[in-house]
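Computation of the quantities below employed the complete heavy-atom set of this structure, encompassing side-chain atoms and omitting hydrogens, waters and symmetry-equivalent molecules.
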Amino acid sequence: MVESNDSIPLDAEKIYLGGKEHHVRTRCGSVSVIVYGDQDKPALITYPDLALNYMSCFQGLFFCPEAASLLLHNFCIYHISPPGHELGAAQICPSTSSYSADDLADQILEVLNFFRLGAVMCMGVTAGAYILTLFAIKYRERVLGLILVSPLCKAPSWTEWFYNKVMSNLLYFYGMCGLLKEILLQRYFSKEVRGNAEVPESDIVQACRRLLDERYGSNVMRFLQAINRRPDLTSGLKRLRCRTLIFVGDSSPFHSEALYMTSKLDRRFSALVEVQACGSMVTEEQPHAMLIPMEYFFMRYGLYRPCPLSDSPRSPLSPSCISPELLSPESMGLKLKPIKTRVSLEV
């Protein structure tokens with residue numbers, strides 16, 4: 001059944017740290033969108049990884065004052081959650097039809113149409129990065145640029161397929177059990193922040209663990225099954241003409257996937273930033289590492305961060321004072337590949 005494309009605010013005054021939640025009805029169900037900022041500004045949409053939402057996947061980046069200044073100065077943010085992943089989500093009715101990765105990409109188009117958005121900037125993490133890449137391939141005229149964190153682009157390898165089947169079985173029989181949460185935390189974070197017998201896990205891991213407790217296993221399983229059935233996007237990557245900036249932690253289980261995807265993109269319009277001692281979720285584990293690459297990326301669109309009070313060399317005051325030397329591994333603690341490609345992105 002096709003539902004009308006209406007917005008149903010969950011209480012007209014419901015605010016999430018300055019953002020307002022809308023439920024947008026789409027052909028494959030209702031989707032939660034949290035809107036931050038001035039809607040007259042260009043739009044940046046986000047899409048999280050499996051079992052996460054904007055709070056557990058992007059709050060580290062948006063709570064970083066310098067990154068928040070850059071993003072909120074230039075964009076209105078639209079945080080889209082996969083079905084059943086939003087804060088306080090109810091369990092999806094078991095009789096509801098399952099959805100595919102294509103359905104989720106089409107759902108993004110319906111969200112953009114509801115808010116009367118044209119071409120948008122996109123930011124996604126792992127499974128969310130895959131959905132946004134698929135959306136960019138299907139609807140090229142609606143995407144200005146892609147910022148992808150530990151992205152997927154190929155069909156699942158046998159190893160990933162096996163892990164996903166294990167997670168599906170755990171979700172089906174036990175829900176969001178302890179073992180499943182440990183598997184997910186290994187997917188998201190490096191061992192440095194997950195801790196061990198001698199070192200306690202970090203605050204960001206503890207916070208993520210608490211937020212995972214709020215998910216219904218059946219809701220997560222739907223997204224997982226869609227991702228586990230995803231098609232290979234390799235053939236479509238060369239057709240992308242939007243600029244693409246890829247971040248990946250060198251401890252991410254999807255590190256090789258990010259390298260592969262970078263190799264298949266047009267080098268004139270793409271760049272890779274590898275972050276040392278970091279897992280998949282760079283947005284949470286090392287959000288400061290994203291700042292300068294994003295500033296250079298946005299400069300190609302005529303966007304920049306307003307002059308802050310700080311004059312830290314890690315947070316340049318304006319495009320005019322960003323020095324290429326700041327992009328060296330010694331000054332940033334990053335491995336940038338390829339630096340030259342990133343600096344000389346074509347219009």
Could I get the full list of side-chain contact (heavy atoms from CB on, under 4.5 Å) partners for [X], not counting sequence neighbours?
| X | answer |
| --- | --- |
| Leu109 | Asn113, Phe135, Tyr139, Arg142 |
| Glu284 | Gln59, Phe189, Met281 |
| Ala51 | Leu184, Tyr188, Leu212, Val220 |
| Ala127 | Asp49, Arg187, Phe223, Ile227 |

Given side chains that start at C-beta, do those of [X] and [Y] come closer than 4.5 Å, heavy atoms only?
| X | Y | result |
| --- | --- | --- |
| Val33 | Phe115 | yes |
| Ile34 | Tyr78 | no |
| Cys64 | His288 | yes |
| Val35 | Ile77 | no |
| Met294 | Met123 | yes |
| Val31 | Ile108 | no |

Charged N to carboxylate O below 4.0 Å: is that the case for [X] and [Y]?
| X | Y | answer |
| --- | --- | --- |
| Lys138 | Asp102 | yes |
| Arg230 | Glu160 | yes |
| Asp103 | Arg27 | no |

Discussion item. Once salt bridge (Lys or Arg N to Asp or Glu O under 4.0 Å) is applied, do any residues pair with Glu182, and if so which ones, sequence neighbours excluded?
Written reply: Arg209

Discussion item. Are Ile183 and Tyr216 linked, directly or through intermediate hydrophobic residues, by side-chain heavy-atom contacts shorter than 4.5 Å (ILVMFWY only)?
Written reply: no

Fill in: Hydrophobic cluster membership, Val166 vs Leu185, 4.5 Å side-chain cutoff
yes

Of all the heavy-atom pairs spanning [X] and [Y], show the shortest one and how long it is.
| X | Y | value |
| --- | --- | --- |
| Cys153 | Met261 | SG-CB, 3.7 Å |
| Phe254 | Val248 | O-CG2, 4.3 Å |
| Ala258 | Ile246 | CB-CG2, 4.2 Å |
| Leu233 | Thr133 | CD1-CG2, 3.9 Å |
| Cys208 | Leu52 | SG-CD2, 4.0 Å |
| Thr283 | Cys57 | OG1-O, 2.6 Å |

Practice prompt. Provide the full list of ring-ring contact (aromatic ring centres under 6.0 Å, His included) pairs with a residue in residues 155-174, sequence neighbours left out, each pair given once.
Written response: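 Qualifying pairs: Trp158-Trp161.
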
Item to complete: Indicate whether any N or O donor in one side chain lies under 3.5 Å from an N or O acceptor in the other, for Ser252 and Ser280.
Response: yes

Worksheet item: Regarding Ser168 and Gln225, is there a side-chain donor-to-acceptor distance under 3.5 Å anywhere?
Response: no

Nearest 0.5 angstrom please: [X] [atom1] to [Y] [atom2], how far?
| X | Y | atom1 | atom2 | result |
| --- | --- | --- | --- | --- |
| Cys278 | Gln286 | SG | CD | 4.5 Å |
| Thr159 | Asn164 | OG1 | CG | 10.5 Å |
| Ile80 | His22 | CD1 | NE2 | 12.0 Å |
| Phe297 | Arg243 | CZ | CZ | 7.0 Å |
| Phe63 | Phe58 | CZ | CZ | 14.0 Å |
| Met167 | Leu179 | CE | CG | 10.5 Å |

Give a yes or no answer on whether the side chain of [X] reaches the backbone of [Y] with a donor-acceptor pair at less than 3.5 Å.
| X | Y | answer |
| --- | --- | --- |
| Asn219 | Ala90 | yes |
| Thr126 | Ser150 | yes |
| Glu285 | Ser190 | yes |
| Arg267 | Lys264 | no |
| His85 | Pro83 | yes |
| Asn74 | Leu70 | yes |
| Arg229 | Ala101 | no |

Item to complete: Test Met290 against Val282 for side chain to side chain contact (heavy atoms under 4.5 Å, CB included), laying out the working first.
Response: CA-CA 8 Å; Met290 300 178 66; Val282 184; 3.8 Å; yes

Practice prompt. Start with the C-alpha gap between Asn228 and Lys165, add the side-chain angles, then the distance that decides, and say whether side chain to side chain contact (heavy atoms under 4.5 Å, CB included) holds.
Written response: CA-CA 8 Å; Asn228 210 29; Lys165 291 300 288 185; 3.9 Å; yes

Side chain to side chain donor-acceptor pair (under 3.5 Å) against [X], all qualifying residues, sequence neighbours excluded:
| X | answer |
| --- | --- |
| Glu214 | none |
| Tyr260 | Thr234 |
| Asn196 | none |
| His79 | Thr46 |

Discussion item. Before you tell me yes or no, could you show the steps for Asp266 and Arg239 under salt bridge (charged side-chain N to carboxylate O under 4.0 Å, His left out), namely the whole-Å CA-CA distance, both residues' side-chain angles and the distance that decides it to 0.1 Å?
Written reply: CA-CA 8 Å; Asp266 189 326; Arg239 298 198 302 272; over 6 Å; no

Item to complete: Decide side chain to side chain contact (heavy atoms under 4.5 Å, CB included) for Val125 and Tyr47; before the verdict, give the C-alpha distance in whole Å, the side-chain angles of both, and the deciding distance to 0.1 Å.
Response: CA-CA 7 Å; Val125 177; Tyr47 211 98; over 6 Å; no

Fill in: Intermediate values then yes/no, side-chain hydrogen bond (donor to acceptor under 3.5 Å, both in side chains), Thr244 and Ser270
CA-CA 5 Å; Thr244 304; Ser270 62; over 6 Å; no

Worksheet entry | Candidate pair Leu146 and Leu240, rule side chain to side chain contact (heavy atoms under 4.5 Å, CB included), full reasoning | CA-CA 10 Å; Leu146 290 169; Leu240 286 177; 4.1 Å; yes

Taking only distance into account, with no hydrogens and no angle test, what donor-acceptor pairs under 3.5 Å do side-chain atoms of residues 91-98 form with protein atoms, sequence neighbours excluded?
unit_1: Gln91; atom_1: NE2; unit_2: Ser218; atom_2: OG; d: 3.0
unit_1: Thr96; atom_1: OG1; unit_2: Cys93; atom_2: O; d: 3.1

Item to complete: Tell me, please, which residues at least two apart from Phe298 pass ring pair (Phe, Tyr, Trp, His ring centres under 6.0 Å).
Response: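 So Phe298 forms a ring pair (Phe, Tyr, Trp, His ring centres under 6.0 Å) with Phe75.
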
Worksheet item: Is the number of heavy atoms from other residues, nucleotides or ligands within 6.0 Å of NZ (Lys41) greater than 12?
Response: yes

